[in-house]
Visitor: 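Dropping the structure in here first, questions after.
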There are 2 protein chains.
Amino acid sequence: MSLNTQPYKGTRDFYPEDKRKQKYMFGVLRDVVESFGYHEYDAPLIEPFEIYAAKTGDEIVNQQLYSFEDRGGRKVAIRPEMTPSVSRMVAARRQELAYPLRWYSIPNLWRYERPQRGRLREHWQLNVDIFGVEDIEADFEIIQVADSILKVFGAKPDNYKIRVNSLKAAASVYKDLKLNNEQHVIVSKLLDKRSKISEDEFNEALDNAVGEKVAASLRKYWTEEKPPENIAKLLKLLEKEQITNAVFDPEIVRGFDYYTDIVFEVYDNSAENNRSMFGGGRYDGLVGAFGVEPVPTVGFGMGDVTLQNFLEANKLIPKLEPETNVVAILIGDVYEPAQKVMSELRSQGLNVAVDSTNRNLDAKIKSAAKGGIKYALFIGEQELATGKYKLKNLETGQELEIAGDEIVKNLKPEK
Amino acid sequence: MSLNTQPYKGTRDFYPEDKRKQKYMFGVLRDVVESFGYHEYDAPLIEPFEIYAAKTGDEIVNQQLYSFEDRGGRKVAIRPEMTPSVSRMVAARRQELAYPLRWYSIPNLWRYERPQRGRLREHWQLNVDIFGVEDIEADFEIIQVADSILKVFGAKPDNYKIRVNSLKAAASVYKDLKLNNEQHVIVSKLLDKRSKISEDEFNEALDNAVGEKVAASLRKYWTEEKPPENIAKLLKLLEKEQITNAVFDPEIVRGFDYYTDIVFEVYDNSAENNRSMFGGGRYDGLVGAFGVEPVPTVGFGMGDVTLQNFLEANKLIPKLEPETNVVAILIGDVYEPAQKVMSELRSQGLNVAVDSTNRNLDAKIKSAAKGGIKYALFIGEQELATGKYKLKNLETGQELEIAGDEIVKNLKPEK
């Protein structure tokens with residue numbers, strides 16, 4: 001019986017052409033966040049179960065977490081998000097670290113979900129966090145970084161919308177309406193899944209949770225356009241930096257229990273996606289959950305699947321060339337002497353593959369072209385003797401006879 | 001009760017200074033393997049359990065695999081190695097792919113081991129594989145790539161030794177000695193764990209498995225210095241390429257069941273390590289296990305932990321600077337107008353963090369220095385008005401007063 005060639009449900013194989021897209025995307029992410037002074041960190045894929053049980057939220061922990069017992073009987077989980085890990089790491093060196101602390105990472109995360117567009121069981125997520133800044137400048141910077149990333153990819157302000165809210169302001173409204181804690185939680189969860197259920201379902205659940213009268217007041221509040229003071233200040237800062245597509249939206253909550261005030265979500269405006277692409281917010285209490293003095297923190301997580309959908313919908317991923325510049329196609333028994341030519345080209349920065357198989361020339365050329373490689377360099381006894389080589393552009397069919405020391409000049413992509 | 005700040009046993013947190021080392025190492029790995037025409041791919045972290053049960057080997061599957069049932073009742077495993085995943089991917093597109101196919105990846109792998117020097121539960125491993133070449137050129141190239149990596153890191157030939165063996169030649173010796181299949185397996189397993197058990201234990205187990213007379217013949221064979229024909233050809237090719245630290249060693253086997261002929265291991269000669277650092281070999285049957293026509297394959301896997309130990313023992317990791325070039329230290333309420341200065345520096349390729357906290361100047365300078373950042377740029381109302389800024393080198397204490405458009409020139413690391 002033979003083994004199945006399919007990857008595990010809800011995951012992706014990255015063939016080289018897929019991996020190149022990912023590398024391109026991650027390269028832009030790294031460049032932009034580093035330009036704002038962020039440093040890359042990483043954490044283990046597996047964490048003790050408890051760090052998610054504390055604050056990650058019921059839906060993820062009870063329905064989506066990949067958790068199991070290890071061979072020593074410890075209950076562990078594959079990370080469904082990076083925030084608990086990074087909070088743990090900051091807590092472990094609370095005193096030694098220098099603040100403001102700016103960190104980022106691009107981990108792969110796992111959630112047991114029903115696979116659908118934009119949602120897979122394994123995805124990668126840029127995590128950007130600033131630790132140690134209580135004031136609104138940190139909230140501003142985090143949104144500024146997120147916005148810069150999209151702009152550096154080539155996105156225009158009307159391709160996306162930034163919706164911001166203040167959970168503290170919302171809590172104060174809930175308090176005025178005399179919602180108890182339980183009702184507060186139900187209302188937040190309902191808002192979080194609003195886009196996934198029907199309007200009727202939402203309204204019925206809301207009426208049941210808080211009664212029709214309070215529900216009516218809440219509905220009125222959610223149409224409120226005048227932002228609370230902190231959001232007004234934030235929006236003003238954003239506007240000064242030409243971030244003009246940010247708005248106050250009192251319906252924005254986030255799916256995690258650890259957020260403490262300002263939260264935001266970036267919406268993809270393209271017709272085929274038209275949903276929340278990613279988001280983040282302030283979570284001042286999570287580092288403190290590890291037994292140290294709390295550290296004010298703001299961060300966001302940007303998933304690769306929704307990002308790639310956004311970029312592709314807006315045609316923002318350029319054509320990416322294979323890593324290999326040229327295939328050396330050997331004519332006859334010249335494997336040993338051809339090494340010198342190839343080494344020389346490699347030492348000059350070219351990526352050189354070799355086809356040393358016994359197939360005929362035509363089969364070798366076809367195979368190189370099939371592999372997407374742009375140039376073939378022919379090396380036989382005559383070429384080695386004269387130092388003149390035939391270089392073929394496999395896309396255009398054009399051939400050139402050139403000296404060995406002119407090859408690099410003809411092949412190397414201009415920077 | 002507060003949460004524990006320790007990472008899961010046998011794993012590492014990568015603080016920025018650790019991550020920089022890893023990025024430096026992976027950067028060299030990528031550059032070298034790409035120079036030989038290899039393309040990067042990736043596969044999901046979790047695979048169906050069956051693909052390891054088939055050929056990975058009893059010890060890993062029964063004692064070290066992180067396997068569990070997912071929420072849908074599927075038996076899955078976190079990858080302990082990459083070879084089954086890459087074989088699955090090649091099998092899935094057996095016809096569409098172009099050969100020789102050169103692929104590499106740097107996945108993280110998981111094994112439930114007793115943590116010790118050079119051996120952790122989570123490690124990263126460069127996997128380099130060439131598919132579709134039956135001849136010795138593929139075996140040669142794989143060793144050539146491995147050797148080039150070490151040389152590009154700055155290693156000298158006497159820092160390591162390459163030991164090669166032919167499992168086909170060994171099988172023919174075993175056949176002459178009339179070993180049955182079971183004995184063949186026991187002998188291979190014994191050789192594989194030889195360095196982990198005492199000489200007496202080894203000898204006793206060998207005598208028990210094959211009888212004293214055959215054991216004596218085996219011991220004699222293992223001192224054989226004359227290589228079989230294919231190894232002789234391989235060593236000759238290596239020598240021509242100035243790879244002079246490769247030797248025939250009939251005791252080399254590998255821990256995986258899928259190897260079919262030539263195998264190799266690279267030994268770390270440094271006193272504090274002095275063990276097998278990494279290895280690889282030919283496995284012509286694994287792609288075929290996925291129900292397609294077999295593809296001849298040679299590859300190796302180089303782990304990050306043993307590699308880093310090797311590089312550190314030989315002092316081959318250079319001093320690595322933080323990603324951030326400069327911290328903008330704000331004087332007074334200039335957060336908004338300072339944005340323009342910082343944006344301009346970022347657009348010129350500098351990585352600029354900002355300290356907008358209300359602490360005093362001295363505290364801000366100390367914090368920047370503690371974070372390892374080399375320069376501080378002071379921005380206050382006067383600086384913004386005159387366009388002249390004070391730039392302080394936090395390592396030397398040297399201060400410079402310069403115009404805004406001269407900052408980049410003073411800061412950017414020379415390439």
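Chain letters run A, B, ... following the sequence lines, proteins first, then strands; residues in each count from 1. Computed from heavy atoms alone, side chains included, the values below leave out hydrogens, waters and symmetry copies. Keep in mind it's a predicted model, so treat the numbers as computed, not measured.
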Visitor: Could you walk me through whether A:Arg93 and B:Glu17 pass the salt bridge (Lys or Arg N to Asp or Glu O under 4.0 Å) test, one step at a time?
Guide: CA-CA 13 Å; A:Arg93 299 198 182 167; B:Glu17 61 272 27; 3.3 Å; yes

Visitor: Less than 4.5 Å apart, any side-chain heavy atom of A:Ser35 and any of B:Leu350?
Guide: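 The answer is no, as the side chains (C-beta and beyond) never meet within the 4.5 Å cut-off.
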
Visitor: Report yes if the side chains of A:Lys19 and B:His39 come closer than 4.5 Å at any heavy-atom pair, otherwise no.
Guide: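 No. Closest side-chain heavy atoms not under 4.5 Å.
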
Visitor: Under 4.5 Å from any heavy atom of chain B, what part of A:Lys364 do you find: side chain, backbone, both or neither?
Guide: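 Contact with chain B: none, neither part.
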
Visitor: Using a 4.5 angstrom heavy-atom cutoff, name the option from A:Ala98, A:Ser85, A:Ala43 with the most pairs to chain B.
Guide: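 With the most close heavy-atom pairs to chain B, the winner is A:Ala98.
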
Visitor: Side chains of A:Glu336 and B:Lys236: does their closest heavy-atom pair fall under 4.5 Å?
Guide: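 Answer yes - side chains close enough.
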
Visitor: Among A:Lys340, A:Arg12, A:Lys366, A:Arg121, which residue forms the greatest number of heavy-atom pairs with chain B at distances under 4.5 Å?
Guide: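 It is A:Arg12.
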
Visitor: What part of B:Arg102 gets within 4.5 angstrom of chain A, counting heavy atoms only: side chain, backbone, both, or neither?
Guide: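 Answer is side chain: those atoms of B:Arg102 sit under 4.5 Å from chain A.
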
Visitor: Could you walk me through whether A:Phe68 and B:Val76 satisfy the side-chain contact (heavy atoms from CB on, under 4.5 Å) test, starting with their C-alpha distance in whole Å, then the side-chain angles of each, then the deciding distance to 0.1 Å, before giving a yes or no?
Guide: CA-CA 11 Å; A:Phe68 59 97; B:Val76 297; over 6 Å; no

Visitor: Tell me, side chain or backbone of B:Ile46 under 4.5 Å from chain A's heavy atoms, or both, or neither?
Guide: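 Backbone plus side chain of B:Ile46, per the 4.5 Å heavy-atom cut-off to chain A.
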
Visitor: Restricting to non-hydrogen atoms, name the atom on A:Thr357 and the atom on B:Gly132 that form the minimum distance, rounded to 0.1 Å.
Guide: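 Between these two residues, the closest heavy atoms are CG2-O, 4.4 Å.
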
Visitor: Decide yes or no for B:Asn4 and A:Arg88: does some side-chain heavy atom of the first lie under 4.5 Å from some side-chain heavy atom of the second?
Guide: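 In short, these two side chains do not touch, never coming nearer than 4.5 Å.
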
Visitor: What part of A:Phe36 lies closer than 4.5 angstrom to a heavy atom of chain B: side chain, backbone, both or neither?
Guide: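 It is both, since atoms from each part get that close.
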
Visitor: Counting heavy-atom pairs under 4.5 Å to chain B, which of A:Thr324, A:Val90, A:Asp13 comes out on top?
Guide: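 Ranked by contacts with chain B, first place is A:Asp13.
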
Visitor: Tell me, side chain or backbone of A:Ser343 under 4.5 Å from chain B's heavy atoms, or both, or neither?
Guide: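 Side chain only.
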
Visitor: So what's closer than 4.5 Å to chain A heavy atoms on B:Arg30: side chain, backbone, both or neither?
Guide: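 For B:Arg30, the contact with chain A is made by the side chain alone.
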
Visitor: Quick one: sort the B:Tyr335 and A:Phe140 rings into parallel, tilted or perpendicular, breaks at 30° and 60°.
Guide: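 Correct class here is perpendicular.
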
Visitor: State which residues pass side-chain hydrogen bond (donor to acceptor under 3.5 Å, both in side chains) with A:Lys75; sequence neighbours excluded, sorted by chain then number.
Guide: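 Result, side-chain hydrogen bond (donor to acceptor under 3.5 Å, both in side chains) vs A:Lys75: none returned.
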
Visitor: For the atom pair CD (A:Glu50) and OG (B:Ser2), what is the distance rounded to the nearest 0.5 Å?
Guide: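 Going from CD on A:Glu50 over to OG on B:Ser2, the span is 12.0 Å.
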
Visitor: With a 4.5 angstrom heavy-atom cut-off, which part of A:Val354 approaches chain B: side chain, backbone, both or neither?
Guide: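 It is both, since atoms from each part get that close.
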
Visitor: Given 3.5 Å as the limit, does a donor-acceptor pair link the side chain of B:Tyr41 with the main chain of A:Asp18, or not?
Guide: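 Pair absent, no side-chain N/O of B:Tyr41 close to backbone of A:Asp18.
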
Visitor: One pair to check against side-chain hydrogen bond (donor to acceptor under 3.5 Å, both in side chains): B:Asp70 and A:Tyr8. What are the steps and the verdict?
Guide: CA-CA 11 Å; B:Asp70 77 6; A:Tyr8 173 62; 2.6 Å; yes

Visitor: Check whether B:Phe290 gets within reach of chain A through its side chain, its backbone, both or neither, counting any heavy atom under 4.5 Å.
Guide: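 Both the backbone and the side chain of B:Phe290 come within 4.5 Å of chain A.
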
Visitor: Evaluate side-chain contact (heavy atoms from CB on, under 4.5 Å) for B:Lys9 paired with A:Arg74, printing each intermediate quantity in order.
Guide: CA-CA 10 Å; B:Lys9 192 177 173 189; A:Arg74 288 173 206 85; 4.0 Å; yes

Visitor: With a 4.5 angstrom heavy-atom cut-off, could you sort out which part of B:Glu69 is near chain A: side chain, backbone, both or neither?
Guide: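 Neither part; nothing is under 4.5 Å.
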
Visitor: Using side-chain hydrogen bond (donor to acceptor under 3.5 Å, both in side chains) as the criterion, list what pairs up with A:Glu323, not counting sequence neighbours.
Guide: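 Residues passing side-chain hydrogen bond (donor to acceptor under 3.5 Å, both in side chains) with A:Glu323: A:Arg20.
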
Visitor: Is chain A contacted by the side chain of B:Phe49, its backbone, both, or neither, given a heavy-atom distance below 4.5 Å?
Guide: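 For B:Phe49, there is no contact with chain A at all, as no heavy atom is under 4.5 Å.
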
Visitor: Using non-hydrogen atoms and a 4.5 Å limit, figure out which bit of B:Tyr38 sits close to chain A: side chain, backbone, both or neither.
Guide: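 Just the backbone, heavy atoms under 4.5 Å.
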
Visitor: What verdict does the side-chain contact (heavy atoms from CB on, under 4.5 Å) test give for B:Leu3 and A:Glu47, after you've listed the backbone C-alpha separation in whole Å, the side-chain angles of each residue and the deciding distance to 0.1 Å?
Guide: CA-CA 12 Å; B:Leu3 298 163; A:Glu47 293 274 2; over 6 Å; no

Visitor: If we ignore hydrogens and angles and just use 3.5 Å, is the side chain of A:Ser367 paired with the main-chain N or O of B:Tyr99 as donor and acceptor?
Guide: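 Pair found, side chain donor or acceptor close to backbone of B:Tyr99.
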
Visitor: Any idea which heavy atoms bring A:Pro44 and B:Glu122 closest together, and the distance?
Guide: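 Reported closest heavy-atom pair: CA-OE1, 3.3 Å.
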
Visitor: Taking the side chain as every heavy atom from C-beta outward, state whether A:Met89 and B:Pro7 have any pair of such atoms under 4.5 Å apart.
Guide: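 No - every pair of side-chain heavy atoms lies 4.5 Å or more apart.
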
Visitor: Among the options A:Glu134, A:Met342, A:Gln64, pick out the one with the most heavy-atom pairs lying under 4.5 Å from chain B.
Guide: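 The candidate making the most pairs under 4.5 Å is A:Gln64.
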
Visitor: So, A:Lys23 and B:Glu34, do they make that salt bridge, N to O below 4.0 Å?
Guide: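 Answer for the salt bridge query: yes.
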
Visitor: How long is the span from the CD atom in A:Gln63 to the CZ atom in B:Arg71, to the nearest 0.5 Å?
Guide: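 So the CD of A:Gln63 and the CZ of B:Arg71 are separated by 8.0 Å.
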
Visitor: Are B:Asp135 and A:Ser356 packed together at the side-chain level, in the sense that at least one heavy-atom pair is separated by less than 4.5 angstrom?
Guide: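 SC-SC contact between B:Asp135 and A:Ser356 ruled out.
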
Visitor: Any sub-3.5 Å donor-acceptor pair from A:Gln339's side-chain atoms to B:Glu241's backbone N or O?
Guide: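 Side chain of A:Gln339 to backbone of B:Glu241: no pair is present.
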
Visitor: Given heavy-atom pairs under 4.5 angstrom as the criterion, report whether the side chain, backbone, both or neither of A:Tyr15 touches chain B.
Guide: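 Both parts, backbone and side chain.
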
Visitor: For B:Val32, is it the side chain, the backbone, both or neither that has a heavy atom under 4.5 Å from a heavy atom of chain A?
Guide: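 Interface part for B:Val32: neither.
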
Visitor: Considering only heavy atoms and a distance below 4.5 Å, find which of A:Val33, A:Leu65, A:Asn358, A:Ile130 pairs most often with chain B.
Guide: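 Max contact count across the listed options: A:Leu65.
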
Visitor: When only pairs under 4.5 Å are counted, which of A:Asp42, A:Asp31, A:Val327, A:Thr11 shares the most heavy-atom pairs with chain B?
Guide: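 Of the options given, most contacts go to A:Asp42.
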
Visitor: Using heavy-atom distances under 4.5 Å, tell me whether B:Leu101 contacts chain A through its side chain, its backbone, both, or neither.
Guide: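 When you check distances to chain A, no heavy atom of B:Leu101 falls under 4.5 Å.
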
